[in-house]
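The structure under discussion appears below in the form of structure tokens.
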Protein chains: 2
Amino acid sequence: MSNSNTAHEVLAVVFQVRGVAPQDESTKPALHVLLWQRALDPERGKWSLPGGRLGADEDLTSSVSRQLAEKVDLREIAHLEQLAVFSDPHRVPGVRTIASTFLGLVPSPATPELPPDTRWHPVADLPPMAFDHGPMVAHARTRLVAKLSYTNIGFALAPTEFALSTLRDIYHAALGHQVDATNLQRVLERRKVITRTGTTARSGRSGGRPAALYRFADARYRVTDEFAALRPPAEPD
Amino acid sequence: MSNSNTAHEVLAVVFQVRGVAPQDESTKPALHVLLWQRALDPERGKWSLPGGRLGADEDLTSSVSRQLAEKVDLREIAHLEQLAVFSDPHRVPGVRTIASTFLGLVPSPATPELPPDTRWHPVADLPPMAFDHGPMVAHARTRLVAKLSYTNIGFALAPTEFALSTLRDIYHAALGHQVDATNLQRVLERRKVITRTGTTARSGRSGGRPAALYRFADARYRVTDEFAALRPPAEPD
DNA sequence: CCAAAAGTGTTAAGCTTACACCCATGT
DNA sequence: ACATGGGTGTAAGCTTAACACTTTTGG
């Protein structure tokens, strides 16, 4: 019959900026990715992205959601988006398996319960990765960095309310380079991505002016700066 | 058995700006998409994107290339890139079929031979489309417009050598809005996307100054303006 | 000489960065 | 008081859009 001998799996690259909580002063905030360690061959002991076989009556997004629910509380995932498909016929041994990858983002203060074989790993220091999962993480990171620049996607990494210095730390960790809090504020405020709540945080034990609190204006993904150039002519008022 | 009952197909949204040749003064240049008309049910008579079943030992890109070769000369396709996956379990009747979509671009002067059931259709005036192929075209168009702004992807739509007014017409058709040739020149020259050849075109029959000819600096896809904002700090020299 | 098409100059507006400076709080 | 962190002001540079103006050709 024409029944294909091909399986389809979904794999999620789930990021969180960890170590941003004021509780722990020692560790710097860093971007982490959710991985689980394989207990069986093939690639026993190596680390895998969460995911698995696509079910018969679900689309890709439902499938990722379902499978991630086994790892983290679904409510923690603030953003989920399709990335590339990996389709090399021999990317995994055995039955041919096509992988659709996703980018998932978990806001910073959340600390979901994890199964015993599952852990957050700093993206800057990944363990040995199974199959082609290493490049998948790299691809997701590239996409995240790009989208931080021209969308409001930061909402999915940040707490509901935050001081600007906290947001700076989060962007710093996610982007991988220094970010000036002053300019971050102005860029995001002019684009109406963040707004002041009116309240302020208490200052820390070492003093300092109390920080104004902000929140993201939308809790849904939005493109904020569509055209860098070649934008349509201005509409006459 | 665990043999899945799911097929995988690839579908290509192939664009070309047609009507840019000076031969035909009557028609304005417009963005067209390559479609073929279904001769059999389901959806007989409606128009489909080129593509088909993924072969057992090919990856997605090879598969699109192979299947497009049946429609157009492969050498004509200057750019091919993965778009989204459409995975609704009931997006087509019969065996469940997951569709991976691609964006393909054909440079302007080329006029490949087409099979009898296949035609170029203006994107602005699409015929009745089969299944979910309509939204796929829309999605590809959105991606094309975005990438024209921050990459050199125009090379895949333009002739190897061209006058600036020709390039303006191409961008105009692809973007869907007016483009100023003056500013297009400056933006693309500063980014080193296009360079002068040194030669000039002959002027048309109605006179006018002869146009300088340009070419794209790279014949490969390249991101030219990565960060609209939140770019890394300047490197000290 | 005139119309047509191409190319150049100029201005203004907007956005982003960098950095100096001022403000509010705890010890 | 003073150290510490937060916030504001400001200037410089770059990028783009808009449009007036000049150049080069054919009739």
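Note: hydrogens, waters and symmetry copies are ignored here, and every other heavy atom, side chains too, is used. Lettering of chains follows the sequences in order, A, B, ..., and the numbering in each one begins at 1.
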Problem set entry | Trp120(B) vs Leu114(B), side-chain contact (heavy atoms from CB on, under 4.5 Å): CA-CA, chis, key distance, verdict | CA-CA 9 Å; Trp120(B) 292 102; Leu114(B) 296 185; 3.6 Å; yes
For this session: Flag the pair His133(B) / Leu49(B) as yes when at least one side-chain heavy-atom distance between them is below 4.5 Å, and no otherwise.
Result: yes
Exercise. For Ile194(B) and dA6(C), what is the distance between atoms CD1 and P respectively, to the nearest whole Å?
Worked result: 14 Å
For this session: Compute whether any side-chain donor of one residue and acceptor of the other, for Ser62(B) and Asp59(B), lie under 3.5 angstrom apart.
Result: yes
Exercise. Starting at CD of Glu189(B) and ending at C1' of dA6(C), how long is that distance when rounded to a whole Å?
Worked result: 14 Å
Exercise. Quick one: what's the B/S/- string for nucleotides 3-11 of chain D, heavy-atom cutoff under 4.0 Å, read 5' to 3'?
Worked result: -BBBSBBB-
Exercise. Looking at side-chain heavy atoms only, is the closest gap between His32(B) and Val17(B) below 4.5 Å?
Worked result: no
For this session: Kindly assign one of parallel, tilted or perpendicular to the pair Tyr214(B) and Phe162(B), based on the angle between their ring planes and the thresholds 30° and 60°.
Result: parallel
For this session: For salt bridge (charged side-chain N to carboxylate O under 4.0 Å, His left out), just list the numbers for Arg143(B) and Glu81(B), CA-CA rounded to whole Å, side-chain angles, deciding distance to a tenth of an Å, and then say yes or no.
Result: CA-CA 10 Å; Arg143(B) 177 82 132 250; Glu81(B) 114 182 25; 2.9 Å; yes
For this session: Assess whether side-chain contact (heavy atoms from CB on, under 4.5 Å) is satisfied between Val13(A) and Val33(A), documenting all intermediate values.
Result: CA-CA 7 Å; Val13(A) 182; Val33(A) 61; 3.9 Å; yes
For this session: Would you mind reading off the distance between Gln178(B) atom CD and dA17(D) atom C1', rounded to a whole angstrom?
Result: 14 Å
Do any N or O atoms of the protein come closer than 3.5 Å to N or O atoms of nucleotides 12-15 of chain D, and which pairs are they?
unit_1: dT15(D); atom_1: O3'; unit_2: Arg190(B); atom_2: NH2; d: 3.4

For this session: Look at Asp218(B) together with Arg220(B) and state whether they make a salt bridge at an N to O cut-off of under 4.0 Å.
Result: no
